[in-house]
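Start at 1 with the first residue, then count along the sequence. Quick caveat: nothing in here was measured; it's all calculated off a predicted structure.
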Amino acid sequence: MNGKQTIIDKIIRDAELKAESNVSAAKEKADAVISQAQADAEAMRAEKLADKTEQTNELIRRRRSVALLDKKRAISAYKSELALAVFDEAIDAFKSDKKRYKAYIEELLKTNAEDGDEIIASKYDESVVTSAMVTKVAKALKIKLALSDKSGDFKGGLILSGVNYDKNLTLDDIVRRIRQDSETQVAKILFKEN
């Protein structure tokens, strides 16, 4: 029995050594898999972090660009409003000299009125463009003119409503055309632009 026990003990010892060897190999393999998984996870984290950093930087860049555009638009709108206010003040200054303004309106009529025209005056000029003025100009030109019962919603000047066409002689339209021609020069003066 002794020989038999020795063989059994040897088989058990060999099995235990083989098992220890298998466990050790499995541990090494598991450690390698875990180590690789940690390395992959770290690489993935670094990549995601880089992507997030890049995305964040791109988002910041875009928002900065949008903010700069908004700032430029706001400044441009402010400059435009200011220039418009300057032209509005020019109209007010021109109209403040009542005698000169009345002479200007009479000259507009004498130069542009045609027989049968109806005169639409600004609602702000009812004291300037009167029936008496219209009658006086009509007699001087030897034509028929009529002052409309309705008034226009413009700052000054007048509209001659004719049989075939109308003539816009409003200060709004005249100043708009002047503004188109001189807006760059006005901006240079107002805002010290080159």
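- By the 6.0 Å contact criterion, CG on D149 is open, its count of non-hydrogen atoms from other residues, nucleotides or ligands being 12 or less.
- Annotation: the span from L147 atom CG to T135 atom OG1 amounts to 9.0 Å, rounded to 0.5 Å.
- Between Y104 and F94, the ring center distance clears the sub-6.0 Å criterion.
- In this structure, the separation between CD1 on I174 and CZ on R179 is 16.0 Å, given to the nearest 0.5 Å.
- The environment of R64 atom CZ is sparse: at most 12 non-hydrogen atoms of other residues, nucleotides or ligands sit within 6.0 angstrom.
- Using a 4.5 Å cut-off between side-chain heavy atoms of Ile, Leu, Val, Met, Phe, Trp and Tyr, with links allowed through other members, I119 and V128 fall into the same hydrophobic cluster.
- Between K95 and D125 there is a salt bridge, since a side-chain N of the basic residue sits under 4.0 Å from a carboxylate O of the acidic one.
- To the nearest 0.5 Å, atoms CG (D153) and OG (S122) are separated by 7.5 Å.
- Each of I159 and I143 belongs to its own hydrophobic cluster when Ile, Leu, Val, Met, Phe, Trp and Tyr are linked at side-chain heavy-atom distances under 4.5 angstrom.
- Atoms CD1 and CD, from I60 and Q55 in turn, are 12.0 Å apart once rounded to the nearest 0.5 Å.
- Put simply, the residue from F87, F154, Y101 that forms a side chain to side chain contact (heavy atoms under 4.5 Å, CB included) with L171 is Y101.
- Criterion: ILVMFWY side-chain heavy atoms under 4.5 Å apart, direct or through other members. Under it, L108 and V137 are part of a common hydrophobic cluster.
- Just one residue in the list L141, L158, L169, D117 forms a side chain to side chain contact (heavy atoms under 4.5 Å, CB included) with L109, and that residue is L158.
- At least one donor-acceptor pair closer than 3.5 Å links the side chain of S96 to the backbone N or O of A93.
- Heavy-atom contacts from other residues, nucleotides or ligands closer than 6.0 Å to NZ of K102 number 12 or fewer.
- The distance from atom CZ of R45 to atom NZ of K52, rounded to the nearest 0.5 Å, is 14.0 Å.
- Residues I120 and S161 approach most closely at CD1-CB, 4.3 Å, considering heavy atoms.
- Contact check on E107 versus K110 returns no salt bridge, with no Lys/Arg side-chain nitrogen under 4.0 Å from an Asp/Glu carboxylate oxygen.
- Between K155 and T170 the shortest side-chain heavy-atom distance does not fall below 4.5 Å.
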Walk me through whether T130 and M133 qualify under side chain to side chain contact (heavy atoms under 4.5 Å, CB included). CA-CA 5 Å; T130 61; M133 175 195 280; 3.7 Å; yes

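- Here the straight-line distance linking atom CG of L59 with atom CZ of R61 works out to 10.0 Å at 0.5 Å rounding.
- Residues V129 and A121 approach most closely at CB-CB, 3.7 Å, considering heavy atoms.
- Taking 4.0 Å as the cut-off between side-chain N and carboxylate O, R176 and D172 do not count as a salt-bridged pair.
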